[in-house]
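Okay, structure first, notes after.
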There are 2 protein chains.
Amino acid sequence: MTYTKATAFSPEQQEVARIAKVLSHPARIAILQHLAEAKTCISGDISSALPLSRTTVSQHLTELKNAGLIKGEIDGLTVCYCIDQEQYDRARQLLESMLAAIKSSCCTDTCC
Amino acid sequence: MTYTKATAFSPEQQEVARIAKVLSHPARIAILQHLAEAKTCISGDISSALPLSRTTVSQHLTELKNAGLIKGEIDGLTVCYCIDQEQYDRARQLLESMLAAIKSSCCTDTCC
DNA sequence: ATACTATGTCGTATGTTTACGTCATACTTC
DNA sequence: GAAGTATGACGTAAACATACGACATAGTAT
């Protein structure tokens with residue numbers, strides 16, 4: 001019962017944390033940036049552009065896909081990964097509106 | 001040498017991932033929101049507002065502090081934690097500008 | 001000084017993530 | 001249909017994160 005006390009928090013807090021978690025590894029940031037810039041989005045091309053094995057990149061791609069940030073469409077032998085713009089934008093907005101709401105309100109009177 | 005191939009990525013990618021990692025747990029989101037809303041910011045008050053033990057909260061506070069998002073000032077026996085607005089805003093801006101740069105550019109012609 | 005209180009540190013059990021090699025699958029091409 | 005290629009699934013070792021009880025520290029008050 002350790003580790004996952006996460007369920008004790010509000011759905012919004014859990015959702016924001018879930019989004020942040022996906023972004024919490026440089027490889028996944030790199031993959032997103034690559035997908036945004038590259039003309040092609042074939043899985044193998046992504047692997048060879050990163051300093052990681054194909055297996056590991058595939059794992060990161062799966063995580064991004066599970067989070068809904070990207071989608072993969074099979075085109076014969078290759079798989080084309082793209083950013084799922086709609087879901088990405090929704091996630092981004094949720095994260096950003098949470099971040100925007102954080103403003104130091106304490107420490108103006110009682111303490112500090 | 002496993003696990004941390006993180007150094008193989010660009011400093012910006014690492015920095016963004018580092019910020020996202022701090023936000024990747026509901027407890028730390030909850031702590032930030034609490035600090036933003038509460039009139040007081042005493043460590044003990046934060047603990048009792050969360051469904052976690054004091055020890056665990058202290059650990060999360062330390063992580064937030066190491067990341068520079070909050071700062072803690074000792075006031076006698078109690079410790080007052082506040083959001084470090086300057087550093088927080090910088091982190092937020094870095095994260096948001098990265099997120100804003102992600103736009104599905106592929107999958108318009110060659111594939112999908 | 002002694003008892004009390006608020007915090008952080010340490011140790012540790014358990015669960016999770018990362019990274020990668022190997023294997024299985026499924027499509028393509030000869 | 002046999003050989004080749006692009007992927008994902010599986011297994012696994014090592015590193016890391018989470019959660020918390022017990023202890024240490026340091027200020028406060030009696």
Side-chain angles (χ1 to χ4, degrees), chain A residues 1-9 13-14 17-31 40-67 70-82 110-112, chain B residues 1-9 13-14 17-31 40-67 70-82 110-112:
Chain A
M1 196 65 67
T2 62
Y3 203 67
T4 310
K5 275 245 176 165
T7 47
F9 295 91
Q13 287 164 346
Q14 290 183 51
R18 205 178 60 82
I19 295 166
K21 191 169 219 165
V22 181
L23 302 173
S24 73
H25 196 285
R28 290 192 287 269
I29 303 288
I31 288 172
T40 170
C41 51
I42 308 299
S43 174
D45 295 343
I46 301 167
S47 306
S48 49
L50 296 182
L52 291 172
S53 80
R54 195 187 55 72
T55 314
T56 305
V57 172
S58 176
Q59 225 169 218
H60 284 304
L61 284 168
T62 302
E63 276 190 71
L64 286 164
K65 199 172 163 189
N66 285 341
I70 65 173
K71 54 189 172 186
E73 298 196 10
I74 299 170
D75 175 26
L77 193 53
T78 60
V79 176
C80 166
Y81 282 103
C82 329
T110 44
C111 56
C112 298
Chain B
M1 197 62 70
T2 61
Y3 200 67
T4 310
K5 276 245 176 164
T7 46
F9 296 90
Q13 287 164 344
Q14 290 183 53
R18 205 179 60 83
I19 295 166
K21 191 169 219 165
V22 181
L23 303 173
S24 73
H25 196 285
R28 291 192 287 270
I29 303 287
I31 289 171
T40 170
C41 49
I42 308 299
S43 174
D45 295 343
I46 303 168
S47 306
S48 50
L50 297 183
L52 291 172
S53 80
R54 196 188 54 71
T55 313
T56 304
V57 172
S58 177
Q59 227 169 215
H60 285 304
L61 283 168
T62 303
E63 276 190 70
L64 285 164
K65 199 172 163 188
N66 286 340
I70 66 173
K71 55 189 172 185
E73 298 196 9
I74 299 168
D75 175 26
L77 193 51
T78 60
V79 177
C80 166
Y81 282 103
C82 331
T110 42
C111 56
C112 298

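This structure is a prediction, so every number in the text was calculated from the model and none was measured. Protein chains get the first letters and strands the later ones, always in sequence-line order, with residue 1 at the start of each.
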Quiz item: Is the shortest side-chain N/O distance from K65(A) to OP1 or OP2 of dG8(D) below 4.0 Å?
Solution: no
Quiz item: The side chain of S58(A) lies closest to which of these nucleotides: dG8(C), dG8(D), dA19(D)?
Solution: dG8(D)
Exercise. Please assess I29(A) against F9(B) for the test side chain to side chain contact (heavy atoms under 4.5 Å, CB included), listing each intermediate value before the final yes or no.
Key: CA-CA 10 Å; I29(A) 303 288; F9(B) 296 90; over 6 Å; no
Quiz item: Which whole-number value in Å describes the distance from E73(B) CD to dG8(C) P?
Solution: 13 Å
Exercise. In whole angstrom, give the distance that lies between atom CG of L64(B) and atom C1' of dG8(C).
Key: 16 Å
Exercise. Verify the contact: side-chain N or O of H60(A) to OP1 or OP2 of dT17(C), cut-off strictly under 4.0 Å; return yes or no.
Key: no
Quiz item: If you take all heavy atoms of R28(B) and K21(B), which pair is closest and at what distance?
Solution: NH2-O, 3.3 Å
Quiz item: So, for S43(B) and L61(B), which heavy atoms are closest and what is the spacing to 0.1 Å?
Solution: OG-CD1, 3.8 Å
Exercise. Return the value, rounded to whole Å, for the distance between atom CZ of R18(A) and atom P of dT16(C).
Key: 16 Å
Quiz item: Quick one: is dA6(C) close enough that its OP1 or OP2 comes under 4.0 Å of any side-chain N or O from Y81(B)?
Solution: no
Practice problem: Let me know the distance between CG of D75(A) and P of dT7(D), rounded to the nearest Å. | Solution: 10 Å
Self-check item: Any donor-acceptor N/O pair under 3.5 Å between dG8(C) base and R54(B) side chain
Solution: yes
Quiz item: Of the nucleotides dG21(C), dA19(C), dG8(D), which has the atom closest to the H25(A) side chain?
Solution: dA19(C)
Practice problem: Provide the closest heavy-atom pair for L23(B) versus A20(A) in the form atom of the first, atom of the second, distance. | Solution: O-CB, 3.4 Å
Quiz prompt | Among dT7(C), dT5(C), dA22(D), the one nearest I42(B) by side-chain distance | solution = dT7(C)
Practice problem: Could you check how far CG of D45(A) sits from P of dT5(D), rounded to whole Å? | Solution: 16 Å
Quiz item: Under 4.0 Å: is that the gap between some side-chain N or O of S53(A) and OP1 or OP2 of dC20(C)?
Solution: yes
Practice problem: Ignoring the backbone of S43(A), work out which of dG8(D), dA17(D), dT18(C) is nearest its side chain. | Solution: dG8(D)
Exercise. Would you mind telling me which of dT22(C), dA17(D), dT18(C) lies closest to the side-chain atoms of K21(B)?
Key: dA17(D)
Quiz item: Mapping P51(B) and G44(A) onto DNA chain D by nearest heavy atom, which one lands closer to the 5' end?
Solution: G44(A)
Quiz item: How many Å lie between CG on L50(B) and P on dT18(D), as a whole number?
Solution: 14 Å
Exercise. Figure out the CG/C1' separation between L61(A) and dG8(D), and round it to whole Å.
Key: 11 Å
Exercise. May I ask you to say what T56(A) touches in the nucleic acid, namely base, sugar-phosphate or nothing, with a heavy-atom cut-off under 4.0 Å?
Key: base
Self-check item: Among dA19(C), dC20(D), dA6(D), the one nearest L77(A) by side-chain distance
Solution: dA6(D)
Quiz prompt | Sugar-phosphate only, base, or nothing, as touched by T78(B) at under 4.0 Å among non-hydrogen atoms | solution = sugar-phosphate
Quiz item: Closest heavy-atom contact between A27(B) and L52(B)?
Solution: CB-CD1, 3.6 Å
Exercise. Would you classify L52(B) as touching base, sugar-phosphate or nothing, given that sugar-phosphate means primed atoms plus P, OP1 and OP2, and contacts are heavy atoms under 4.0 Å?
Key: sugar-phosphate
Exercise. Test for a donor-acceptor pair under 3.5 Å between the base of dA17(D) and the side chain of Q59(B), counting only N and O atoms.
Key: no
Quiz prompt | d(CD, E63(B); C1', dT9(C)) in whole Å | solution = 15 Å
Practice problem: List the atom of A67(B), the atom of R18(B), and the distance in Å for their closest heavy-atom pair. | Solution: CA-NH1, 4.0 Å
